[in-house]
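Here's the structure, in structure tokens; my notes come after.
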Amino acid sequence: MELVSRPHVDNFIKWSATRPEVLVLSADLTNSCEVGLWRDTYPDRFITAGMAEQNMLSVAGGLAREGFVPFIHTFAVFIYRRAYDQLAMSVAYPNLKVRLVGFLPGIITPGGVTHQAIEDIAIMRATPNMTVVETGDATEVESVLDAIEHVDGPVYLRMLRGEMPRLFPADEPMVIGQSRLLSEGDDVTVITAGVTTEEALRATQALEARGVGITHVHVSTHKPFGDPILHDALRRARQGVITLENHVVTGGLGSAVAEHIADCGIGTRLVRLGLQDTYAHGASKPYLMREYRLDAAALVETVEQLVGRPLAITEEDLDAVRLDAVHSAAKAEAL
């Protein structure tokens, strides 16, 4: 597996070179959100809002009304928890072209409950006019700017930072509203997004070696939701569907899949893996994903329940967990 260090940093600078309308707003988290070099490259297009996210959202709305395309860069929790009224009234209600780039989605940070965006997809899906996307690897981080460029309205982006794997070929960019089919089988369909896709990939080969056919679909667009790839994958699951998400199970990926199943009259069982109506605490990403059953082992156990037999898959049978250096220059998990 190829590991890529901080793909957003240089990519965003190059992408912005021919787009003078693009501005960046930061709330005192510039280097933590990988736009320090962007600020140094385009100082006249960079706005420091300070620790005043409500004001930052209102300013972004005003700039968008004047023809600019503001890119807010901060931790995800500070976008939708601290400034939701301004987000809704100054950005979403007038349907303005503002890009809300939220870092540290879900429980990938040891910062604890104050820094873990665990209900953001639910809130943003419920916000009218909002497009909601999530990156899952280096390829999607590199291609998401092109993917959202022509969305004529606000976009909320769950963004990865630091060192990350390249799970998808570099020449297969993210496309809004289009899922990725990663494996095919008729027993169980697994739907993942963001960092949970890497976890599911750890388990797929071991499951298939035990004779369980797995259809694995990666979702990068949470809203608008549903496409033919996803729809077909849900219909072919003979034993059931599992969603695995870095989010509470209410209102996120699992809920979106449940809505699609109900709306389309698909007769299949659905099991939602994710945070079960709880906040998390601070710890490393691998520990938290194991503790809250967002990892490959939890997926294997759930598949065993659906197929009705033990599969005798051990931790040694799963691909190794990728350990990130928390306090490295890439700042994968650290604040």
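These figures come from a predicted structure and were not determined experimentally.
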Sequence-distant partners of Val249, side chain to side chain contact (heavy atoms under 4.5 Å, CB included), two or more places apart:
Glu245, Arg272, Gln276
Decide, yes or no, whether a salt bridge links [X] with [Y] under the criterion of side-chain N to carboxylate O below 4.0 Å.
| X | Y | result |
| --- | --- | --- |
| Asp152 | Lys97 | no |
| Arg202 | Asp295 | no |
| Arg290 | Glu315 | no |
| Arg166 | Glu142 | yes |

Using the salt bridge (Lys or Arg N to Asp or Glu O under 4.0 Å) criterion, which residues pair with Asp186? Sequence neighbours excluded.
Arg236
[X] side, atom [atom1]; [Y] side, atom [atom2] - distance, nearest 0.5 Å:
| X | Y | atom1 | atom2 | value |
| --- | --- | --- | --- | --- |
| Ile242 | His216 | CD1 | NE2 | 10.5 Å |
| Ile191 | Thr243 | CD1 | OG1 | 8.0 Å |
| Glu304 | Leu207 | CD | CG | 8.5 Å |

Hey, would you say the Tyr292 and His281 ring centroids sit under 6.0 Å apart?
yes
Proximity of His222 and His247 rings by center, below 6.0 Å
no
Whether the side chain of [X] engages the backbone of [Y] through a donor-acceptor N/O pair (distance < 3.5 Å, no angle test) should be reported.
| X | Y | answer |
| --- | --- | --- |
| Arg180 | Glu172 | yes |
| Arg210 | Leu311 | yes |
| Thr135 | Leu160 | yes |
| Glu163 | Val4 | no |

Consider only side-chain heavy atoms of I, L, V, M, F, W and Y, link residues closer than 4.5 Å, and tell whether Leu157 and Val132 are in one cluster.
yes
Cluster check Ile176, Val217: I/L/V/M/F/W/Y, side chain < 4.5 angstrom
no
Which residue, Phe78, Phe46, Phe12, forms the ring pair (Phe, Tyr, Trp, His ring centres under 6.0 Å) with His73?
Phe12
Write out all pairs satisfying salt bridge (charged side-chain N to carboxylate O under 4.0 Å, His left out) with one or both partners inside residues 259-268, taking only residues at least two apart or from two chains.
Arg125-Glu259
